[in-house]
Amino acid sequence: MPRLVSHPDEVKIVTSRFGKGAAKIDTYLELGGYASARKALAEGAEWIINEMKASGLRGRGGAGFPTGMKWSFVPKQSAKPKYVLVNGDESEPGTCKDHLIFLHDPHAVIEGTIIAGLAIGAKMGFIYLRGEYRYLIQIVERAVAEAYERGFLGKSIFGSETEFEVIVQTGAGAYEVGEESALMESLEGKRGVPRIKPPFPAVVGLYGGPTVINNAETIATVPHALAMGGAAYAAVGSERNGGTRLFGLSGHIERPGVYELPMGYSLRKMIYEVGGGVRGGRKLKAVVPGGSSTPVLLPEEIDIGMDFDQVGKAGSMLGSGGVVVIDDQTCMVEFALRTIKFYQHESCGWCIPCREGTDWLKKSLTRFHAGFGTEKDIDNIQYIAENMMGRTFCPLGDAAAMPTLGFVKKFRKEFEEHLHGKPCPYAHHPEVELV
Amino acid sequence: MSAEAMTLFSPELAARLDALVERYPARRSALIPMLLYAQDEVGYLSDAVIDEVARRIGITPLDVRNVATYYSMLRFQPAGKFNVQVCTNISCMLRGGYKIFDRFQERLGIGHKGVTADGLFSLEEVECIGACCWAPAIQVNYDFHDELTEEQVDAILAQYRSQNAGGR
Amino acid sequence: MRTTPKSSLFEAGQPNVDEKSECMADVTFTVDGKKLTAPAGTLLIEACRKAGIEIPAFCYYPGLSLQAACRMCVVRQEKVPKLQTACTTPVAEGQVFITESAEIAQARKATLQLLLGNHPLDCPVCDAGGECELQDMTFKYGAGESLYVEAKQHREEQKWSPVVYFDRPRCILCYRCVRMCGEGMDVWALGIQNRGVTAVIAPNGGDHLDCEQCGMCIDVCPVGALTSGTYRYKSRPWEMNHVSTVCTHCADGCKVTLGVRSANDGMEIVRADNRDKSGINGDFLCAKGRFGFDFVESAERLTQPLVRNAAGVLEPTTWEKAIKHVGQRFGAILHEHGAGSIGVIGSTRTTNEENYLLQKFARTVLRTQHIDHERTGDYATFHGLLAGSKERAASHRDIAAAPAILLLGGNPTEEHPLLAWSLRTNVRLHQARLYVANSKAIRLERQAAHSLHFSEDGYDALVRRLSGDGAALADVTGAGAFCDALGAEESLVVVCGAEFRGASLAALMRWGLSRPGVKFALLSDSVNARGAADMGLYPDLLPGYLPLAGEQPLHDALAGMPTTSGKDATAMLEAAAGGGLQGLLVVGADPFAAHGVTEGALKNAFVVVQDCFLTRTAAEADVVLPTASLYEKTGTVTNCYGDVQMVRKAADKAGVKSDFEILVRMAGAMGVDVRTLVPFGEFQGVRADMGQTRGAQAGEADRHAVWLAANGLEPKLSPFDPFAILDEMERLVQGYALDRLNLFAGNESSTEPGTGFVSIDALLQRKDGVVATHPGLFDSGLLSERTGALQAIGKYQAAQAAQAAD
Ligand SMILES: Cc1cc2nc3c(=O)[nH]c(=O)nc-3n(C[C@H](O)[C@H](O)[C@H](O)COP(=O)(O)O)c2cc1C
Ligand code: SF4
Ligand code: FES
């Protein structure tokens, strides 16, 4: 069972009901649940969208797109039904926050889905969880059944004229399906290959109807933001980055776990105070600030506030909020290899630069790490990554290329130390094929 | 839609799949869950399973294969009764994921994608399973085991062996 | 909606080319500094191609859904941060693009480098070497140096069917084959399996293909991943001459490109494909067109004339002796028995020129009206009804572009593969409405907006219903809705099968002609079935369906012919058996087999057969003259939609002669001045004043010369030049005033029915004599039976079907 952690600096909004048995609807209601959905139903779509815009909530799935704005793009009139799609595919290495939300507060996701549906005029919502989260799917399905029993879902929600259905869907093992258009493909029973954009999902999405897709954390935040009032929620965070975020601290950290901290919270403090510093008192070598696809930061680069803009300015990305701490005993070549191995395994294979690029990078890095690298390899690795950047069909190619470029540029010396058949200066593990 | 006249599946699963196709705005949306549930019962996606799923959805077996082969949890060969999936992705790797994997290899005498001779266990190195903050983590079938040490490997294997002996 | 979600890959019917853009307003945009104009929403890659700016692409294929997968078509668009894919960018007013720059060249080069990293680079032994898009791109963008040192994936080539082979490492995953098979052919036999670098194109049978074996996947493959069983490892592309001609197997008349190279006994065909895609068949070619050419090399091929000797055995002889013998015997029969003593049965596989010449030879030299051919469509009635109605005959292109089509009877998927393709494509890309009415279930119903089933006698009832008889088809559900929907169509092409003939056909056409905007096409079964009919291989109709009596220039050209109708094929055979006919000339037909003539029945008649093979008729003939096949001669043929196309000599076989040359020499051997038959050389009456002599004092050939001059053509210098007859045909045969420039450029020129036909009442009283042969996807009778590849496919398909059955 995932361990819950806490720290005095935390601002518990989304996590406020964690550990309190809120997966049961009675407890959820006791803790103020479904009040926001009722209010949203009473106030109407325009109010919801305005409050969401005021909240400054930006998508927690990675790209940080303002949620209120995303919802406002959905056309009011549509010949085809509209849908809400909750992205619980959570597969970015370093990320396990949605895991906890589904486990401890599934009704918050359901309530958020209802609100999103009200905002855009959808009558159906899907909550898509990655297939590995089977026990969480059962928890969410039970919660959905409870909500139906209470009349919060169904033909007339909360006794109103409004209809809203929720379907819980399982994936079957594919990171790429987290990309929004691939997610829709998967939900339609197809290979998880992204779609050509435009049209964007807000216009042509699931089954051809306008669709809003949000990360599970984004959706779970919605009822809270409405309950607090958009402005109050915004005030918790930093400039243009409303509210809090669930940061997952993992890797060589003393107290790993998921912490809810205000947007803009210092990365240094996050590591050294919230997380208790590098494990075993070791020295910090690098930090991956937002899941495996975000370029590494060096110890001298961690004096930044953790919000989308500041991390972006530092040359990386806030991404999914998965902060991976790396100590000085770690081989960065091996780390780079393990990272690229993941993307090679998960590339959908649709486009040439990603399919071939990730494979080539993986092969080169494998050989390189095994001590058979050449000087030219380092440049080649950089060349391949540079030529993938911005050229692929979907952002997975970038997600593979960006961190690779970061590793090569920031740790070139360490790459050079692997040259000329020298053994890896760090203890390393022989490579195992993932097929 | 009436229940399949001839089915490979248990009556419970067949009934569940009958309901599943009716759940979505488009029948085909049931495909991936259907494959996964069928695999849970049969153990893997045999040709016969693929044919039946194709029939239930109303698409060709080729089309089912196109989709099924895309998803890494779906398999076309039997796995062990207990499929041990060890995450070695970055967060787990940093906290000893490979050591855990090695210990399983050694204890079970099989490698990546191997199945023990008695068919009880299979082993897989897998990508991130969403337990990074509780690393290193593994899944045995759908059960998570996290914050593992190498020492716990034996206990975990023992737990599943006894579960097997218990007739489940 | 311009951009189709790529997911349509596994769903039929999603167009990517929105032809409606044609009605959209033009926009102006800039490409590489040039101002271009195109309808708003045109894909940039198409707009550029039309303007002569080539943007490289692997995955983009016109008419198939969009992929944006290969990333070769990247271009820079002003004010857009990332490079954009031209294949998915719709043009809009004021946009500015750069399609070639250092940055773009680098992007393309890198993509190629990535592809080549895992590519086997076995160009020297690859079928596609020399005509490979990957090779060409690499040449252009120069991904010369190898950055890749890892071992390449090697996998054995796989045989997916007798004619489709797959070499996986060469595949660049452009998905063209998958889309062509699914979207284009509606067969869906290819898929994509696995993901990432392990992704692979997979056939529906696991390790083999269960499909129509059309080979379209091979055709669209930009590299050598899919190769043809009939061509692989046979030749290098540059060793071949590529001759564009017309497929010999069915009445659709697809343009086919034959790859030929020299062989011991002439020129051999090593490949048939659809290189230039400029024909009426566009991208399409079926299994027969693509794989059915080796009958040309069949061991059963006749290569020496045979004459029955005193012992009653067919014995090889020289051409001179054989022709002389025929000339003498025919001359003697005519001398002894006079006009009408010889019958002629012509071919539906020979050229128009040969057929025209044959009837002229029959009528003027053999002085007979006993002329016929194997009729597979009632074109006499068809033309009789169309007389005087302009624009009512539908060409193939009319069908391919019609907003609504009514398909009555027939089974195009099996019998008219091109028609099936064009109907599917029209529905898919232009949202055409297809109405199918049939007594059987046919595949094309999948594309139909409305379909109707009834018993075999329902066709006439349907026509009655359409013509206002509410009681007709009353017991057929959906008949009312079907007819109402049809009634609402303002413009309609009616395509009907051999179910319609005589009175049925007349009733149908009368209904259609009573409404504006209805056009007709009548299906038939062999490559020149329509041409044989048009060229007057009838006992009662002259070329162009003119009556025997008349004063048209054609009647002058046929001066001396008998003026009463002759016998049809059945009657001829009966007469010959009964001693009523002394001679029979059979050209490219097998009436003994078709009419079940018993062995030896015609032993008292002198029978001459011209054919490629020893057919049943030939085996019983007195003289057998080995002929060139359609792939070994020049001329024109007319498909069942009335489109005339050029046939060009591709192969060459020692020992055989064209039917044209045989007929001319036969006439010569009978002592005829061949100039009266073939207007060539310095004609009588030309007297060096070509174009000036007019009126009564000018002879026939002179008038011909006037016409030639007026049309900018020159006199033909050889009696064996089929174009001399083409000139005459064009002048004398109604509907054959062809667009010569187009025709000689390799395009089709469609005929238009004329006037002055035999009265429809007279036509309806005669026997139509139509016997449909129902060819199959791999079956065209005589030729397919002697084509190794088609026989192999046939066996393979039968085995597949047997397996599916148990
Ligand atoms: C390769 C790839 C994988 C992704 N995986 C996830 C994921 O697992 N979960 C998620 O919420 N978003 C994921 N995203 C982002 C989604 O595409 C999408 O932006 C997000 O779900 C939108 O929700 P938000 O606006 O609430 O962030 C992924 C994107 C890419 C390109
Ligand atoms: S970048 Fe290309 S191959 Fe990679 S996941 Fe996206 S579409 Fe698939
Ligand atoms: S042609 Fe545009 S990406 Fe392939």
Side-chain angles (χ1 to χ4, degrees), chain A residues 174-176 181-182 184-185 188-199 203-205 208 343-364 366-367 372-374 376-377 379-381 383-384 386-394 396-398 435, chain C residues 1-11 14 16 58-59 65-72 74 81-85 87-90 106-119 145-153 172-175 191-200:
Chain A
Y175 166 73
E176 171 61 359
S181 64
M184 297 189 293
E185 289 284 291
E188 289 180 11
K190 299 177 195 154
R191 294 166 60 83
V193 173
R195 294 180 183 175
I196 293 168
K197 287 175 240 173
V203 184
V204 181
Y343 290 104
Q344 189 264 4
H345 187 250
E346 300 299 332
S347 165
C348 81
W350 187 251
C351 70
I352 296 170
C354 171
R355 178 182 74 231
E356 303 295 332
T358 51
D359 190 51
W360 197 332
L361 285 176
K362 179 192 135 182
K363 284 182 176 159
S364 304
T366 305
R367 179 170 44 77
F372 302 105
T374 67
K376 228 179 106 193
D377 279 326
D379 292 335
N380 277 352
I381 289 166
Y383 174 84
I384 295 163
E386 275 167 357
N387 279 289
M388 290 166 67
M389 282 294 295
R391 309 253 177 87
T392 52
F393 185 57
C394 87
L396 189 144
D398 297 336
V435 182
Chain C
M1 199 181 54
R2 292 292 314 187
T3 35
T4 303
K6 171 235 75 266
S7 56
S8 68
L9 208 107
F10 297 112
E11 272 166 16
Q14 286 244 39
N16 87 37
F58 290 129
C59 67
S65 64
L66 303 179
Q67 314 286 284
C70 73
R71 321 304 288 175
M72 282 301 286
V74 286
K82 283 189 187 180
L83 293 177
Q84 299 292 298
T85 45
C87 67
T88 58
T89 304
Q106 172 53 39
R108 293 177 184 158
K109 176 177 169 178
T111 299
L112 289 166
Q113 283 171 321
L114 285 165
L115 264 185
L116 295 176
N118 240 330
H119 192 87
E145 72 280 32
S146 184
L147 307 175
Y148 197 79
V149 298
E150 324 298 330
K152 303 204 177 205
Q153 293 187 9
I172 61 171
L173 291 171
C174 65
Y175 319 115
I192 308 164
Q193 290 179 7
N194 306 334
R195 72 174 186 220
V197 77
T198 61
V200 60

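These numbers come from the heavy atoms of this one structure, side chains and all, not from hydrogens, waters or symmetry mates.
Using a 4.5 Å cut-off between heavy atoms, C:Gln113 touches chain A through backbone and side chain atoms alike. Proximity to chain C involves both the backbone and the side chain of A:Ser364, based on heavy atoms less than 4.5 angstrom apart. For A:Tyr383, the part lying near chain C is the side chain, with the backbone staying farther off; criterion is any non-hydrogen pair under 4.5 Å.
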| task | Decide side-chain contact (heavy atoms from CB on, under 4.5 Å) for A:Lys363 and C:Val197; before the verdict, give the C-alpha distance in whole Å, the side-chain angles of both, and the deciding distance to 0.1 Å. | result | CA-CA 12 Å; A:Lys363 284 182 176 159; C:Val197 77; over 6 Å; no
| query | What do the steps show when you test A:Ile384 against C:Tyr148 for side-chain contact (heavy atoms from CB on, under 4.5 Å), and what is the final call? | reply | CA-CA 11 Å; A:Ile384 295 163; C:Tyr148 197 79; over 6 Å; no
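Inter-residue side-chain proximity for C:Glu150 and A:Asp359 is flagged as unmet; no heavy-atom pair is nearer than 4.5 Å. The shortest distance between side-chain heavy atoms of C:Arg195 and A:Glu346 falls below 4.5 Å. The side-chain heavy atoms of C:Thr198 and A:His345, taken from C-beta on, include no pair separated by under 4.5 Å. Taking the side chain as every heavy atom from C-beta outward, C:Thr88 and A:Phe393 never approach each other to under 4.5 Å. Within the 4.5 Å cutoff, the side chain of A:Asn387 has heavy atoms near those of the C:Gln106 side chain. Contact of the A:Lys376 side chain with the C:Val149 side chain is not registered, since no non-hydrogen atoms from C-beta on lie closer than 4.5 Å.
Screening C:Leu112, C:Leu173, C:Thr111 for a side chain to side chain contact (heavy atoms under 4.5 Å, CB included) involving A:Ile352 leaves a single residue, C:Thr111.
Looking at residues two or more places apart in sequence or on another chain, you find a salt bridge (Lys or Arg N to Asp or Glu O under 4.0 Å) between A:Lys197 and A:Glu179, A:Glu180. A:Phe372 is linked by a side-chain contact (heavy atoms from CB on, under 4.5 Å) to A:Arg367, A:Ala370, counting only residues two or more places apart in sequence or in another chain.
Summarising the geometry, atom CE belonging to C:Met72 is positioned 11.5 Å from atom CZ belonging to A:Arg391; distances are rounded to the nearest 0.5 Å. One finds the CD1 atom of A:Ile196 at 10.0 Å from the OG1 atom of C:Thr89 (value rounded to the nearest 0.5 Å).
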